[in-house]
Amino acid sequence: MSSNYKPQLIEKNIQESWDKQNKYVTRIDDREKYYCLSMFPYPSGKLHMGHVRNYTIGDVISRYKRMKNFNVFQPMGWDAFGLPAENAAIANKVNPKDWTSQNIENMKVQLKSLGLSYDWSRELRTCDPDYYKWEQVIFKKFFDAGLVYRKKSMVNWDPVDETVLANEQVIDGKGWRSGAQVEIKEIDQWFIKITKYAEELLDSLETLDWPENVKTMQKNWIGKSYGAEIKYRLDGSKDFLTTFSTRPDTIFGVSFLAISPNHSLAIKLAENNKEIFDFLEKCKEIKAAEADIAKADKFGINTNINVIHPLTGDKIPIWIGNFVLLDYGTGVVMGVPAHDARDHEFATKYKLDIKQVIETDNNELPIVEKGELINSENFNGISSDIASKKIINELIRLKLGEELIQFRLRDWGVSRQRYWGCPIPVTYKDNVPKVIDEIDMPVELPKLKEDSLPIPLSQNKDFIEISENLKREGDTFDTFMDSSWYYARFTSSNNNTEIFDENTRYWLPVDLYIGGIEHAILHLLYSRFFHKALRDIGLVEGDEPFKRLLTQGMVLKDGAKMSKSKGNTVDPQSYIEKYGADTVRLYMMFTSPPEQSLEWSESSVEGSARFLKKVWNLVNKRKYNNLDDQFKFSEDELAVRRKSHATLKKVENDYEVRFSFNTAIAAIMELLNFIPEDFKYAEASKSKKYCLDEAILFILQMLFPIAPHICEHLWKEFYEEDSDIEASWPKVNESLLEVEEFELIIQVNGKVRGRVKIHKSAEQEEVKNIAINVENVKNFINSSEIKKTIYVKDKLINFVI
RNA sequence: GGGGAUGUGGUGGAACUGGUAGACACGCUUGGCUUAGAACCAAGUGCCGCAAGGCGUGGGGGUUCGACUCCCUCCAUCCCUACCA
């Protein structure tokens, strides 16, 4: 054995031996199963620190669970469709498929060098026809189940490049490549009825062992609200405008209605009104993203049309407002300036009536809280909640409204006007769409001609035109479709004849899903929806795909997310080469708890390397003595044993319950520092040797999930060549942890003034007498009267003077 | 605009249930080893103060015998906002 720690020498050998044994290829057996899944990466070309962090967390837990005798399944694959491949194709004149394949090869080598215990036999990539065939099959089944429909919807349109742009491709209202002013355009798209599952998606959140913040985000995103649908008759017409409001109690304060610029009424009015037409044109300049619409200055235009207030009969003006979203509710907002901040701002700007109809202790408008009604005819004096009910009843009686539960969640538009994605398996005969038969799937993405840029599929005539009146759908699926069911396909990815099989039934649900917090809403909600819809068409079992969730924070540098555009990326590969995978893994786990963001620090990496070196130097050239524990241990020997077992207990809890790897590592470091020098001497007594051996085994076992190469290597050298460290986990000896004495904290007025060793069996009166006579405590109490004594057993005593 | 988080020494962080603030590291200082450096080892290290002691967890206020932890308020930063993944 070489005497210095050289990770480059040992890591590669150990990784090869794992490969040779097929150690992490998993099969159904009779142990308890554990499906540990980390979010698969987009193959951008290089692993970044966020990946390293994500995959190390997954690997630590997988290895720990294996040591605890679970049958662990940890697969890895590639979210291989998406925009960056098209961008790279344009920038570097490479085929998206070749670019993607090359990237996958590179990243796979990088992942392997990290020593991650994946079952590579289940590897999948979403751009393979073998994968997306089944996505097309699912689409058909969803269609047959009535979950799919076609609807017009808004996109960002670049009039120069004549392409649809993603939100991130619109910069300051301009196309990123052409620089042209982007317009909002309405086109036909495929939608999936996720809203049909809104109620269940909301309710079953409760059953999930997920972080509260993620559950809250999903709950707010789904946005269930109770209110009323209220109909306003257009003045001089039999037609109505319908609005939804969560505050029918404020109906007497309505001073205008605001409709979306995309509302059919607005579009109709623009036909004969230049001013309105120009206004709508101006609205089209704001990018389609919600954040941009919400941040844009609120402006509006009076249509000079009125509606009739359903209860007062007053005439109320209709405005068009750029802040009204067509997709939410009915695309019509009832403006109550006195009781809504946005309406107040709008009414102030355009000098519209502001009529207070709710009274609270607060008298500054807008009053958005509930209160008691005023200026509301015969509803005056009634509290908001009761008044809402009464007003809804009145509207029902007049047939001008009804009670309604509204969701913020919108149906999922899955059409994308791109090339590098899964073709939507539809044909059009005389413009009538038909989902193609399963037997004709997959509809393969056509290869690009040499030197061709990745033009949107819809512009590929050879693909689109089957015959004169039979055409193919030219859109591809949203890549969120690809990633919404991969967790299930991993279990059966080698099965070419069935989408799912007995492996799926064995492995699902995912026991632990690990990924970035940035996916807290969209990806996780889509996947949950997919699972429920797949369940209802009989393809999977259970109600939820991911039992437990761990959301890791971002990896930052200089306080910002690492990104190419900011030029603050740190390449993990150079660190793996310089320090070895174990050091990088240890650093990642030690430097920050997983849910928090991690600030990259150059110098701390050194510290992690140093610790592994210390472990190496302790164990190296030493040999397990194979002694039994029949010794009369001295006090300092007992202290070492106690420390070993207390550390083990803490580490188990940190790994399993808290996912708090940084404190687990700190505890292992403490144990290492705790071992007295004389225990390590060659001439040390057998009882000391026993204590040291025990500590060494524990350290290697506890550290193995995080730094598997060095620990496995040392385990074989120190303990037994033929023994598998990953098939072992020590047991806590609880009796060693029982102590007779503890340190009592003595406070005077809540401040620590002394501490003293106390026997656990001591009575309160006895403890008080000891505490009060501690020299420093005496000085502080002086001759003052003790007004109160607070005693917390086995912890502290506080004298209030 | 809305939703979700975070804020503790020079730095990363610990304090798990309202009960010892700063564990464990990084860095720095001093000493040892060395021709020198690196590495390693030992000691010290929140701030002010000679000390006694005082102050201290983004700012302000509150509850409590006791607050990093609970409540109110303000500020800063990060993530998501439905076509980046």
Side-chain angles (χ1 to χ4, degrees), chain A residues 39 41-42 44 79 81-84 87 155-156 164-170 194 211-214 216-221 223 288-296 298 323 327 341-342 345 408-418 478-480 483 516-523 525-526 551 553-554 556 559-561 587 590-593 595-608 610-611 613 617 650 653-654 657-658 660 662-663 665-670 673 743-752 755 779 787-790 792 795-801:
Chain A
M39 290 183 186
Y42 179 80
S44 57
D79 189 13
F81 274 137
L83 262 189
N87 297 333
V155 293
N156 301 307
V164 174
L165 299 179
N167 285 329
E168 71 159 10
Q169 295 177 309
V170 181
I194 188 172
E212 277 312 312
N213 60 333
V214 177
T216 307
M217 279 189 256
Q218 293 221 344
K219 183 171 170 257
N220 292 336
W221 183 263
E290 194 208 28
D292 293 86
I293 294 165
K295 268 185 231 140
K298 279 149 211 57
F323 55 90
D327 291 327
R342 196 178 54 187
E345 191 189 327
R408 206 190 76 98
L409 182 69
R410 307 198 297 256
D411 277 337
W412 178 11
V414 295
S415 301
R416 295 292 180 272
Q417 297 69 38
R418 316 235 186 278
D478 177 6
T479 54
F480 275 126
S483 56
I517 183 69
E518 66 272 22
H519 295 293
I521 295 172
L522 293 179
H523 164 62
L525 194 67
Y526 291 142
T551 48
M554 306 261 139
L556 309 176
K561 184 178 174 175
Y587 168 76
F590 180 57
T591 210
S592 204
E595 309 217 72
Q596 276 179 39
S597 56
L598 181 153
E599 174 72 33
W600 178 261
S601 149
E602 198 74 33
S603 52
S604 298
V605 184
E606 293 275 356
S608 297
R610 200 175 299 163
F611 171 64
K613 235 179 274 177
N617 292 336
K650 178 179 170 50
N653 185 54
D654 283 353
V657 183
R658 299 208 302 154
S660 175
N662 55 331
T663 53
I665 295 164
I668 300 170
M669 287 174 168
E670 262 187 72
N673 295 342
E743 192 178 52
L744 179 81
I745 303 302
I746 308 158
Q747 297 182 334
V748 178
N749 283 344
K751 294 201 167 156
V752 181
R755 46 194 78 200
N779 293 342
K787 290 183 190 143
K788 199 173 168 185
T789 305
I790 289 109
V792 183
K795 227 170 215 165
L796 66 78
I797 191 160
N798 184 14
F799 299 111
V800 184
I801 57 168

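Naming: A, B, ... by sequence-line order, numbering from 1 per chain.
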Given the [atom1] atoms of [N] and [M], what is the spacing between them in whole Å?
N: rA43(B); M: rU64(B); atom1: C1'; result: 41 Å
N: rA14(B); M: rC75(B); atom1: P; result: 28 Å
N: rG13(B); M: rA25(B); atom1: C1'; result: 8 Å
N: rA52(B); M: rA42(B); atom1: P; result: 28 Å
N: rG19(B); M: rU73(B); atom1: P; result: 25 Å
N: rG10(B); M: rG46(B); atom1: C1'; result: 10 Å
N: rG22(B); M: rC68(B); atom1: P; result: 12 Å
N: rC65(B); M: rU29(B); atom1: C1'; result: 41 Å

[X] versus [Y], closest heavy-atom pair with distance:
X: Leu598(A); Y: Tyr587(A); value: CD2-OH, 4.4 Å
X: Ser597(A); Y: Ser592(A); value: O-OG, 3.2 Å
X: Phe323(A); Y: Lys298(A); value: CD2-CG, 3.8 Å
X: Gln218(A); Y: Ile521(A); value: NE2-O, 3.6 Å
X: Ile801(A); Y: Asn749(A); value: N-OD1, 3.0 Å
X: Leu165(A); Y: Gln169(A); value: CA-OE1, 3.4 Å

Relative to the 5' end of RNA chain B, which residue comes earlier, Glu743(A) or Ser597(A), by the nucleotide with the nearest heavy atom? Ser597(A)
Hey, which of these two, Leu409(A) or Ala666(A), hits RNA chain B nearer its 5' end, going by closest nucleotide? Ala666(A)
How would you label the contact of [X] with the nucleic acid (heavy atoms, under 4.0 Å): base, sugar-phosphate, or nothing?
X: His519(A); value: base
X: Lys795(A); value: sugar-phosphate
X: Ser415(A); value: base
X: Trp221(A); value: base
X: Asp292(A); value: nothing
X: Lys219(A); value: nothing
X: Lys298(A); value: nothing
X: Phe611(A); value: nothing
X: Glu518(A); value: base
X: Val605(A); value: nothing
X: Ala289(A); value: sugar-phosphate
X: Gln417(A); value: base
X: Val752(A); value: sugar-phosphate
X: Val155(A); value: base

Could you walk me through whether Leu525(A) and Leu409(A) pass the side chain to side chain contact (heavy atoms under 4.5 Å, CB included) check? CA-CA 10 Å; Leu525(A) 194 67; Leu409(A) 182 69; 3.8 Å; yes
Do Arg408(A) and Glu290(A) sit within salt-bridge range, that is, some charged N less than 4.0 Å from a carboxylate O? yes
Syn if the chi torsion is within 90° of 0, anti otherwise; quick check, which is rG9(B)? syn
Does [X] place a side-chain N or O at less than 4.0 Å from the phosphate oxygens OP1/OP2 of [N]?
X: Asn213(A); N: rG3(B); value: no
X: Arg410(A); N: rU81(B); value: no
X: Thr591(A); N: rG13(B); value: no
X: Ser592(A); N: rG13(B); value: yes
X: Arg408(A); N: rG2(B); value: no
X: Arg658(A); N: rA15(B); value: yes

Under 3.5 Å donor-acceptor pair, [X] side-chain atoms to [N] base atoms:
X: Asn167(A); N: rC83(B); value: no
X: Gln747(A); N: rC65(B); value: no
X: Glu290(A); N: rG1(B); value: yes

Integer-rounded Å distance: [N] [atom2] and [X] [atom1]:
X: Asn662(A); N: rC24(B); atom1: CG; atom2: C1'; value: 9 Å
X: Ile517(A); N: rC80(B); atom1: CD1; atom2: P; value: 10 Å
X: Met217(A); N: rC79(B); atom1: CE; atom2: C1'; value: 8 Å
X: Leu598(A); N: rU11(B); atom1: CG; atom2: C1'; value: 13 Å
X: Arg610(A); N: rA39(B); atom1: CZ; atom2: P; value: 7 Å
X: Ile790(A); N: rC65(B); atom1: CD1; atom2: P; value: 7 Å
X: Leu796(A); N: rA67(B); atom1: CG; atom2: P; value: 13 Å
X: Phe480(A); N: rC83(B); atom1: CZ; atom2: C1'; value: 9 Å

Write down the partner of [N] under the Watson-Crick or G-U wobble criteria, each distance required to be under 3.5 Å.
N: rC40(B); value: rG32(B)
N: rG1(B); value: rU81(B)
N: rU6(B); value: rA76(B)

Should Arg416(A) and Thr479(A) be marked as a side chain to side chain contact (heavy atoms under 4.5 Å, CB included) after you check the CA-CA gap, both sets of side-chain angles, and the distance that decides it? CA-CA 9 Å; Arg416(A) 295 292 180 272; Thr479(A) 54; over 6 Å; no
Quick one: which of [options] gets closest to the side chain of [X]?
X: Arg755(A); options: rC24(B), rA85(B), rU20(B); answer: rU20(B)
X: Gln596(A); options: rG13(B), rC24(B), rA85(B); answer: rG13(B)
X: Leu83(A); options: rC16(B), rC55(B), rA85(B); answer: rA85(B)
X: Asn653(A); options: rC65(B), rA85(B), rC16(B); answer: rC16(B)

Does the side chain of Trp600(A) reach to within under 4.5 Å of the side chain of Thr591(A), using non-hydrogen atoms? no
